[in-house]
Number of protein chains: 2
Amino acid sequence: MSDLLERLRGRGWRMTPQRRVVAEVLAGEHVHLTADEVLARAAARLPEIARATVYNTLGELVALGEVAEVAIDGRAKRYDPNAHRPHQHLVCSGCAAVRDVRPDGDPLADLPAAERFGFTVLEVEVTYRGLCADCA
Amino acid sequence: MSDLLERLRGRGWRMTPQRRVVAEVLAGEHVHLTADEVLARAAARLPEIARATVYNTLGELVALGEVAEVAIDGRAKRYDPNAHRPHQHLVCSGCAAVRDVRPDGDPLADLPAAERFGFTVLEVEVTYRGLCADCA
DNA sequence: ATATTGACTTGGACCAAGTCCATTGTAGGA
DNA sequence: TCCTACAATGGACTTGGTCCAAGTCAATAT
Ligand SMILES: [Mn+2]
Ligand SMILES: [Mn+2]
Ligand SMILES: [Zn+2]
Ligand SMILES: [Zn+2]
């Protein structure tokens, strides 16, 4: 049983069959599903689940900080259960496979003050692109 | 007159009033317009220009490498005439202002081999987020 | 065990961003 | 000036997502 479900229950999250299957579908490493993929997998287990419910539930999981919303390609957003330790993404330009990666160093430090235009810079998002072993 | 237009003419790009105004609208530093913003500004000069023409023209400019397509926020794509020297973006979370920035160092070098999962990594895209002087 | 009720789910309408296509127009060469 | 390959048009269509009124139900209280 996923400890995501445990944590959610511990936080007093109201449990329903729909919410359970959505949370269950979002388990594992390197998981970056679109909302429609989540819907398809959830519907395999609970056929009458509605699209709006999947969006509502994903939105709440994001608000709770349990799932990260990732815009990888300007198309559908992806939902990433690995929200507890921040990380970056490595994306295959061939097959769109996504891996979680942890670069060395602090990318914030690479932006010199002269290039900050008076901004208070708070976070950095890095996307590495290339070809996976299969697509190369 | 923009040297973008000169370059396009030199490349044998067929010139039309529509293409001219789209290219003219895309001039300047730190310009990151959405397709609809390009349409609005082009239509101020050439009222009957069609949405599809703006999309067609932007698509061609991107294919020619004269304009870069940037997905900054998972909303509408932005079109960036500063395509000749690669750069990264600094985005205000308050007002969505976008500045071009050039971080120090090579971000590719920060991704250790052990974190490459057999990929041939070709490019890196970095987005810095924070608050601009006005929004802070 | 049952009643209660506020929160959750549903399906469909709606929306924004973008693509597609048949028709009409025209830039630029002969 | 004529021709024609390429470009522009506008409207339908698609994708990804939001919103809402009505119905349902999980959790609590009795
Ligand atoms: Mn991830
Ligand atoms: Mn830029
Ligand atoms: Zn691949
Ligand atoms: Zn701002």
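Just so it is clear, the model here is predicted, and its values are computed rather than measured. Chain naming here is simple, since letters A, B, ... match the order of the sequence lines and numbering starts at 1 in each.
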Practice item. Measure the shortest side-chain to side-chain distance between A:Val22 and A:Thr53 over non-hydrogen atoms and say whether it is less than 4.5 angstrom. Key: no
Check your understanding: Could you go step by step and tell me if B:His87 and B:His89 meet the ring-ring contact (aromatic ring centres under 6.0 Å, His included) rule?
Key -> CA-CA 7 Å; B:His87 62 274; B:His89 293 110; 4.8 Å; yes
Review point. Mind checking which nucleotides bracket the chain B contacts on DNA chain D, 5' to 3', with an atom under 4.0 Å from a heavy atom?
Key: D:dC6 to D:dG10
**Study point:** Pair B:Tyr79, B:Glu69: side-chain N/O donor-acceptor within cut-off below 3.5 Å
**Key:** yes
Review point. Which pair of non-hydrogen atoms, one from B:Val124 and one from B:Gln88, has the smallest distance, and what is that distance?
Key: O-NE2, 3.5 Å
Check your understanding: Hey, mind stepping through B:Arg129 and A:Glu125 against salt bridge (Lys or Arg N to Asp or Glu O under 4.0 Å) and telling me if it holds?
Key -> CA-CA 8 Å; B:Arg129 293 180 197 283; A:Glu125 189 187 306; 3.3 Å; yes
Practice item. Answer yes when A:Arg19 and A:Glu60 have at least one side-chain N-carboxylate O distance shorter than 4.0 Å, and no when they do not. Key: yes
Exercise for review: Work out which heavy atom in B:Ala83 is nearest to a heavy atom in B:Ala68; give both atom names and the distance.
Suggested key: CB-N, 3.8 Å
Exercise for review: Could you encode protein contacts along nucleotides 19-30 of chain C as a string, one character per nucleotide from 5' to 3', using B for base contact, S for sugar-phosphate-only contact and - for no contact, with a heavy-atom cut-off of under 4.0 Å?
Suggested key: BB----BBBS--
